[in-house]
Asker: 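First, the structure itself, so that you have it in front of you.
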Amino acid sequence: MDLQQERIDTITRRHFFKRGGLGLGVPALASLMGGERSASAIGTAAMANGLPDLPHFAPKAKRAIYLFMAGAPCQMDLLDYKPKMRDWFDKDLPDSVRQGQRLTTMTSRQKRFPIAPSKFEFTQHGQSGAWFSELLPNMAKMADDISIIRSIHTEAINHDPAITLINTGSQLPGKASLGAWLSYGLGSMNQNLPSFVVLTSSWTGRQEAQALYNRLWGNGFLPSKHQGVRLRSKGDPVLYLSNPEGVSSGTRRRMLDSLARLNQRQLDEVGDPETLARIAQYEMAFRMQSSVPELTDTSNEPQHILDLYGPDAFTPGTFASHCLLARRMAERDVRFVQIFHRGWDQHGSVPKDLPNQARDVDRPAWALIQDLKQRGMLEDTLVVWGGEFGRTIYCQGTLNKDTYGRDHHPRCFSVWMAGGGIKGGVVHGETDDFSYNIVKDPVHITRLNATMLNRLGINDKRLSFRYQGLDQRLTGVEETPPVHEIMT
Amino acid sequence: MFKRVEFPALRLCPIQLMAALQPSITIAAIAGSLLLASTNLQAAGSKVDFNQDVRPLLSANCFHCHGPDEKKREAKLRLDVEEGMFERRDGGAIVAKGDADASLLFQRLATSDHGELMPPPETNKKLTAAEIATIRRWIAEGAEFSGHWAYVPPKRSPLPAIRNTDWPRNGIDYFIAARNEAEGLSQSAEAGRESLIRRVTFDLTGLPPTLDEIDAFLADDSPNAYRRLVDRLLNSQAYGEHMARYWLDVVRYGDTHGLHLDNYREMWPYRDWVIGAFNDNKPYDEFTVEQIAGDLLPNPTTAQLIASGYNRCNVTTSEGGSIEEEVYVRNVIDRVETTGTVFMGLTLGCAVCHDHKFDPFTMNDFYSMFAYFNSIDGGALDGNRKDHRPIIKAPTELQTRDLTHWKNEIARIKKDLAAPNAKIDAAQRAWEKTLTPRPAEPKHDWRILDPDSFSSKGGADLKKQQDKSLLASGKNPAKETYQVEVKLAKGRFGAIRLEALPDPSHTKKSLARSSNGNAVLTTFTAEIMPAGKPDQCQLIKFTRAWADHEQPDGDFKIANAIDGRNDTGWAVEGHNKAERREAIFVADKPFGFDEGSLLRVKIGFNSRFAQHNFGRVRLAVSKAADLPETSPRIELGDWYSMGDFTTASYGRRSFNRSFGPEGKPFKADQKFSDNGEQRVWIHHPEWTDGFIHGDLPGNESATYIYRRIWSSRAQKAVIHTGSSDAIKVFVNDKAVLSLNEEREVAPNQDRIEISLKPGDNDLMLKVLNWQGDAGFCFRMESPNLAAPNDVALIAAIDPAKRKPEQAARIRNYFRHHASIDAGVVAQRKALFAAQKSLSDTERAVPTTLIFRERAEPREAFMLVRGNYDQKGDKMSRRTPLSLPPMAEGLPNDRLGFANWLLDPKHPLTARVAVNRFWQQAFGVGLVKTSEDFGSQGSPPSHPVLLDWLAVDFRESGWDIKHLMKQIVMSATYRQSSTLSAEHLERDPENRLLARGPRFRLDAEMLRDQALSASGLLVRKIGGPSVKPPQPDGLWKAVGYSGSNTVQFYADEGDKVFRRSVYTFWKRTSPPPQMTAFDAPSRESCAPRRERTNTPLQALVLLNEPQYIEAARNLAERVLREGGRTAESRAAHMFRLATSRRANKGEINELLAVLNDHLKEFKANADSAKELIHVGTGAPDAGVPQAELAAWTMVANLILNLDETITKG
């Protein structure tokens, strides 16, 4: 395939025969390297090869892309159409709807909870007649490609606990993230790139944005090689990827050859298989030095593809450029890509800030789906769009004809899924006229995660890791059936 | 009916049988690591051991439904206790000793009937044939049951008998050898001396040995050489730094709060305390007590209070919208869980929501422990501030000296300022003469007059009201005079009061019906005559007049009303103020007759302002002839300050946010709370106007500053303010300045004209400091400034008759505020400078979070499913029932709890501690799951050794250095780590220790080694955390825009080369050089690190600028001190990194690559130059660049050698 791979295969093959003298058979060593079945695969020991019993069943999706809207989008201004609210402008949210629901301390002291109907127009699209806000004109075009769930709910009411909960299954730090679980369970599908990549995009809505935390893509209790690798838009895409100033690839290659020979001496001397793994890791690092820049260099993308993603596709760090990168990673079989887009925390100025936020993501997300589809990759790539909770129908702060704000609302919000193993044109779940309570088909966030795992061939209850005396799982111990209604 | 099935193990082939003997280590092994092969921990040929082999199977598969959790217990069957295990039911026994086939347990595990099979297939749990075989064998061998090993107090067993009695060096070795002899594994030879010194130096100091140390050790051929080496290492300061690092992982120490804003938290004095504790070899029992309950010790020292910060290391938040109670509960749960893990190896987290499924801990146990840790004297939300209360100041020695110095200096200057000085005293006496005391407030006995007759000259309709006032209506003439007649009772009077009253019928509800509501009184005259004798009418001569307010924009004083002229008058500013006004007119002599009088008053409004007539008036007389002070006098009261109120949560929005006293009437003794902390007014009699007061506290803080200003009358004055940073000025609750700026304080930054009302006025400044020094400056400009009245009153007393405190007061006032003597002014400046230095030093003193108990313990409740808002029964403090009770006489608080942990009968504390120290040296604990000693944890590889060490540790007086020495002195530890084929096959994880430990160095050791070998390492102990460079944008990419750690600014100079234990730990984005090598985020308790091997690690070591800079410095070093030849230099470099001498082949390899690099860099001079300029320091200009670059690459290679990054 490529020269580097041949080189490592040759080196390692030669070393095996040498190791024979130590009485360590090739298959035995191979098994030490992580369950690979042939010696030629030793060179790829850098890859985490997943658990032997996985997948639990035939997966519908090989990989996933999660478009994460950090800060919590206003569901009733985007996907959860509430026409009756127009007559409720500035009227108080009935107690019969609120039902004593706890509020954040940002609005719990408000004297009134006046209804703020969405300012935005909604229209129906696709065969299902799904409603889309005018803020999502492109997403509307793919109504028949996606399943919208309008009845997701969570229990956390503030950002830090909520975003940690949906990404790691716990409100408190310390647990493994969704992507780390996938890397741990399914392993990597490629030799040159990490199996879990994270992108953090720029945004144009409210600039005072909620924080992200490394823990959202952290390994928690899992070995750290499963943590998400954040691909940066400035500087090295992967930390410390580039050789130091003045060191050419040739110089590095020469140094690594020498390093490998010296490490081989050490291996011969001491016999620690960890040394062999280390040799392989250095080779993988070297390969990444070319494979990652190749990945992030979009200069050879044809014009019609760049046009598809819109003008922002040229600007590093934008959501558009990240969607394009996500597609390139999907092509290269990166298992899981998660894009975090911040700025969705509209406590005030919804009419001013939300259109900007929506514009950031509407076209690129649509383009990503089209791009995957035209390459025949949508059928085995799972795509998810959503945030950590919803927002209130009642207004936070100033309410008038021109402006309103919305507080946090864990009881319902909307996400959509598409691609591998997901039906197109489905709208699942329903909220009341106030988008306040779920009236039909509630889906807890752990079931959203269970659905994602399921589409990737994982029974979420059987993917566990013993830590602190417990079989830790992403979705906890309660029953969390996947959402069959949206699954093919 | 149970179906009888044939036992599958009978048909197992020998290999399967081998597998069948493998106990649970497979389950506990970290899947996904490179070493998948499991270790057979069960000694060959011995009996199946219940705790070792059977309990883990039952725990993993059965306890969930047949274990400690009463609510989930199926069929009332309990398998974790002896009674349940051997219970008889359905005519059979759950377990029939010796007869597996007759045991229901076995039958249900082995049945092929899906309806009968246990665990039920739908649970996804399944025992392997091998595991079932183990259980069968255990029953067949007699089914000996024992309680979970970890809950039985450890006993010291005698050393086991072994065959190779020459090998052991101490007790440890007997246990290791006994096991290996039984296994047929032979111990490895002792490691070479170079390996040994490298290994032990790393394990006791976290650093590599220097070449001098290696040479000294190699040259020391006495039998005590190694012991001496160990003693030297144990006594080095680096020992404490290294040992502390592990502890900081366990207690989740970080330099930020960890949640949401993840702002800076000042906690490093605690880190330094830990380092000091290890270096002082503080016994583990004291170490434990001081951390859990240092604050409850009698008269705790500062150090003991700092230690109690252990309880404060948990992550905290102040996210907007957070519910205090919810966060509070989370904080306490974190403390309890962590304490359970750190000291007892327990996973109590499960019991937050339900009784533990696997270990004998109930929810009741959990919330009873909760009650020990819930009574913190401070709020749950951290306010995003570095010093989230309760805190303590922890000055360094130097700071303590400075504080004393400045306090003494201030006292000295104050004394000097007060010293006898005839010249100044003379000036004071001259000044005293200029002071006049404020007249006493008059005691008027106003009698409202009830008019007998009244008329309007202008033709208005006057009607008497219930309150005896006269209200005008009807015609509103341009000019007007009211005439009022009223009978006076007998007696003499001194003054007449005219009240002008607002009325709803007036323009703007003010004082008149004029176009704007204003009025101008031009004349006020009065005549008096004896009752019934109009012929004896006399004009009353008014000599003085006073008004409560005079319109300020012209000549509108009250005196104009008695000057007999119509073109001057008293205007009341009724167009701006719809307020009652009063004027008092004092007669030159008492008026009135013995027989009673008739008074006639004429009130004239004849100015050029049409219709400016009071619309409602009322008259009164008083006997007293006094007026309130009439001279235009202003007196400034003393300053008070209150703060600081934290503003971090609100950022710049706090400018418009009211904290504590804002908008409330001033009361000197009023208290407010901020973030759970009390705020009181602090009196500052020493603050002198015109000087900068730079001693306001805090960053991201608001401070309120108050003084009362007394004014004799309504008047204007000018004030000048200065502030750092933003400022608001309120006069009588009205904002007169709002300046939301960032600036350094200076005098006279703002000039504000203010209006004072008669009497007391409130001046309040709100100073908001964003960062840096907070401060303010104030000066008033007015010709009417007078000394405070109390001073003026003293001045009126003959100096000889003044009481001492009076003399001191006036002298102090004069010297601190009034004297213009050059010497005194200089002293005042010196005093201010000293006060500023003191306050600067005080502010530089680090604070650190501590635990402090509330006066009244906070109540604790059972929380249903762990939900803060679902309170169950009230809980009282007690220790878990399944562990030995707390000894009599211990206080039932955290102090008692800490002592309970150290009770000799406590089965866990010593074992857990010993195991973790063992893990440091050998890479894996005797109990691999060092965080979990419960039944789901892995059983110990050498249970008897663990107990022996635990008891020995306790009996040694919890002597940590003794334990570490014991470990590293053992023959076990000193073995060569070379792996044989047999090792790899039979014990790849080295649990049996037939060879020495070998594993990759931790992140911190790797970096410290590179800095040390290159000579860059700066050895300074303690102090604030430091920030070595890291790639741009890492914090920004995740941080909240308002966080004070959203921007990373690297340190410079020595700070970037400190040991990694001092590296600043931002918990939501920890240093990437550390996390790449498995360092935890420090968000939660991490008693052990995974040890992975990834390409990202290779990238760090190959390319990270500090590693490159270290490589260049290593190159420069060997060029300097490595001899003349390339061979000697390569050899020197190799030895500096690996601690051993390279062999010929290795040298040749290095020389070959050196030559290649030399060629490359000679051909490309720019590349060479670029490479050697990586990092913060400059390269040695004396070395040719290509040569230095080539050597730098060789050094980079050597620092990446497997051997260099491994402890072998």
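By convention in this document, chain letters (A, B, ...) are assigned in the order of the sequence lines, proteins followed by strands, and residues within each chain are numbered from 1.
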Asker: Need one label for A/Gln289: side chain, backbone, both or neither, based on atoms under 4.5 Å from any heavy atom in chain B.
Answerer: side chain
Asker: So what's closer than 4.5 Å to chain B heavy atoms on A/Asn459: side chain, backbone, both or neither?
Answerer: side chain
Asker: Between A/Tyr240 and B/Gln1073, is there a side-chain heavy-atom distance shorter than 4.5 Å?
Answerer: yes
Asker: Under a 4.5 Å heavy-atom cut-off, does chain A meet the side chain of B/Cys1085, its backbone, both or neither?
Answerer: backbone
Asker: Tell me, side chain or backbone of A/Phe340 under 4.5 Å from chain B's heavy atoms, or both, or neither?
Answerer: neither
Asker: Is A/Arg230 reaching over with its side chain to a backbone N or O of B/Leu1034, donor-acceptor style, under 3.5 angstrom?
Answerer: no
Asker: Does any heavy atom of chain A fall under 4.5 Å from the side chain of B/Val1153, the backbone, both, or neither of them?
Answerer: both
Asker: Just wondering, do B/Pro1095 and A/Phe286 contact through their side chains at under 4.5 Å, heavy atoms?
Answerer: no
Asker: Name the member of B/Thr1068, B/Asp262, B/Leu1171, B/Val1038 that forms the most heavy-atom pairs with chain A at distances under 4.5 Å.
Answerer: B/Val1038
Asker: Please say which of A/Asn158, A/Asp160, A/Ile157 ends up in a side-chain contact (heavy atoms from CB on, under 4.5 Å) with B/Ser322.
Answerer: A/Asn158
Asker: Mind checking the CD-NZ spacing from B/Glu1083 to A/Lys175? Nearest 0.5 Å is all I need.
Answerer: 11.5 Å
Asker: Any luck finding a side-chain donor-acceptor pair between B/Asn1200 and A/Tyr282 under 3.5 Å?
Answerer: yes
Asker: Please determine if B/Glu326 and A/Arg102 form a salt bridge, counting it only when a charged side-chain N lies under 4.0 Å from a carboxylate O.
Answerer: yes
Asker: I need the A/Gln281 CD to B/Thr1094 OG1 distance, nearest 0.5 Å.
Answerer: 6.0 Å
Asker: Is the shortest side-chain heavy-atom distance between A/Leu262 and B/Glu1146 below 4.5 Å?
Answerer: yes
Asker: Rounded to the nearest 0.5 Å, what's the gap from CE on B/Met1193 to CE on A/Met255? Could you check?
Answerer: 5.0 Å
Asker: Quick one: what part of B/Glu1160 sits under 4.5 Å from any heavy atom of chain A, side chain, backbone, both or neither?
Answerer: side chain
Asker: Counting only non-hydrogen atoms closer than 4.5 Å, does B/Ile1108 touch chain A with its backbone (N, CA, C, O), its side chain (CB onward), both, or neither?
Answerer: side chain
Asker: With a 4.5 angstrom heavy-atom cut-off, is it the side chain or the backbone of A/Leu216 that approaches chain B, or both, or neither?
Answerer: neither
Asker: Would you say the side-chain atoms of A/Thr275 and B/Asp1202 include a donor-acceptor pair closer than 3.5 Å?
Answerer: yes
Asker: For A/Gly246, is there any backbone N or O sitting under 3.5 Å from a side-chain donor or acceptor partner on B/Glu1170?
Answerer: yes
Asker: I'd like to verify something: which residue of B/Thr347, B/Asp359, B/Leu1197 has the highest number of heavy-atom pairs under 4.5 Å with chain A?
Answerer: B/Leu1197
Asker: From B/Glu1090 CD over to A/Asn219 CG, what is the distance, rounded to the nearest 0.5 angstrom?
Answerer: 8.5 Å
Asker: Just checking B/Asp1032: does its CG atom have more than 12 heavy atoms from other residues, nucleotides or ligands closer to it than 6.0 angstrom?
Answerer: no
Asker: Which distance, rounded to the nearest 0.5 Å, do you find between the CZ of B/Phe999 and the CG of A/Asp272?
Answerer: 11.5 Å
Asker: Check B/Tyr1040 against A/Ala209 and note the closest heavy-atom contact, atom names and distance.
Answerer: CD1-O, 3.1 Å
Asker: Below 4.5 Å from any heavy atom of chain A, which atoms of B/Ala1152 appear? Answer side chain, backbone, both or neither.
Answerer: both
Asker: What residue in B/Ser1043, B/Ser59, B/Ala1098 has the most heavy-atom pairs under 4.5 Å with chain A?
Answerer: B/Ala1098
Asker: If you draw a 6.0 Å radius around NZ in B/Lys1036, do more than 12 non-hydrogen atoms from other residues or ligands fall strictly inside?
Answerer: no
Asker: In terms of heavy-atom pairs under 4.5 Å, which option from A/Gly218, A/Ser248, A/Pro161, A/Gly235 contacts chain B the most?
Answerer: A/Pro161
Asker: Heavy-atom distance under 4.5 Å to chain A: side chain of B/Leu1150, backbone, both or neither?
Answerer: side chain
Asker: Report yes or no: do B/Arg330 and A/Gln171 form a side-chain donor-acceptor pair below 3.5 Å?
Answerer: yes
Asker: Got a second to check how far B/Leu1102's CG is from A/Leu256's CG, nearest 0.5 Å?
Answerer: 6.0 Å
Asker: Given side chains that start at C-beta, do those of A/Leu239 and B/Leu1099 come closer than 4.5 Å, heavy atoms only?
Answerer: no
Asker: Side chain, backbone, both or neither: which part of B/Ser1084 has a heavy atom under 4.5 Å from chain A?
Answerer: side chain
Asker: Would a 4.5 Å heavy-atom cut-off, applied to side chains only, mark A/Ser242 and B/Asn1103 as touching?
Answerer: no
Asker: What part of A/Ser258 is in contact with chain B, defined as an atom under 4.5 angstrom from a non-hydrogen atom: side chain, backbone, both or neither?
Answerer: both
Asker: Counting heavy-atom pairs under 4.5 Å with chain A, which one of B/Phe1077, B/Phe933, B/Tyr868 comes out on top?
Answerer: B/Tyr868
Asker: Please determine, among A/Arg342, A/Lys234, A/Glu155, the option with the most heavy-atom pairs under 4.5 Å with chain B.
Answerer: A/Arg342
Asker: Return the option, out of B/Ser935, B/Ala1037, B/Gly934, with the maximum number of heavy-atom pairs under 4.5 Å with chain A.
Answerer: B/Ala1037
Asker: Under 4.5 Å, counting heavy-atom pairs only, tell me which of A/Arg462, A/Gln227, A/Arg252, A/Met288 racks up the most with chain B.
Answerer: A/Arg252
Asker: With side-chain contact (heavy atoms from CB on, under 4.5 Å) as the criterion, how do B/Thr978 and A/Glu269 come out once you've worked through the C-alpha distance, each side chain's angles and the decisive distance to 0.1 Å?
Answerer: CA-CA 7 Å; B/Thr978 301; A/Glu269 190 70 32; 5.9 Å; no
Asker: Step by step, would you call B/Arg1000 with A/Glu274 a side-chain contact (heavy atoms from CB on, under 4.5 Å)?
Answerer: CA-CA 9 Å; B/Arg1000 174 177 54 66; A/Glu274 198 70 9; over 6 Å; no
Asker: Determine whether a donor-acceptor pair (N or O, by modelled atom type, separation under 3.5 Å) exists between the side chain of B/Glu319 and the backbone of A/His159.
Answerer: yes
Asker: Where does B/Thr1206 contact chain A at under 4.5 Å (heavy atoms): side chain, backbone, both or neither?
Answerer: side chain
Asker: For the side chain of A/Arg254 and the backbone of B/Asp1156, is there at least one donor-acceptor N/O pair under 3.5 Å apart?
Answerer: no
Asker: By a 4.5 Å heavy-atom criterion (distance strictly below it), what part of B/Thr341 contacts chain A: side chain, backbone, both, or neither?
Answerer: side chain
Asker: Looking at B/Pro1031, B/Gly1033, B/Ala1076, B/Ser1081, which one has more heavy-atom pairs under 4.5 Å with chain A than the rest?
Answerer: B/Pro1031
Asker: Heavy-atom distances under 4.5 Å only: say whether B/Asp1078 touches chain A with side chain, backbone, both or neither.
Answerer: both
Asker: So do the side chains of B/His260 and A/Gln210 get within less than 4.5 Å of each other, counting heavy atoms only?
Answerer: yes
Asker: Tell me, for B/Ser1069 versus chain A, whether the close heavy atoms (under 4.5 Å) come from the side chain, the backbone, both or neither.
Answerer: both
Asker: Under a 4.5 Å heavy-atom cut-off, does chain A meet the side chain of B/Asp334, its backbone, both or neither?
Answerer: neither
Asker: Are any non-hydrogen side-chain atoms of B/Ser1167 and A/Glu245 less than 4.5 angstrom apart?
Answerer: no
Asker: Is chain A contacted by the side chain of B/Lys1159, its backbone, both, or neither, given a heavy-atom distance below 4.5 Å?
Answerer: neither
Asker: Is there side-chain contact between B/Arg1067 and A/Tyr213, with heavy atoms separated by less than 4.5 Å?
Answerer: no
Asker: Quick check for you: among A/Gln266, A/Arg278, A/His408, which has the greatest number of heavy-atom pairs under 4.5 Å with chain B?
Answerer: A/Arg278
Asker: Which region of B/Leu1096, side chain (C-beta onward) or backbone (N, CA, C, O), has a non-hydrogen atom less than 4.5 Å from a non-hydrogen atom of chain A, or is it both or neither?
Answerer: side chain
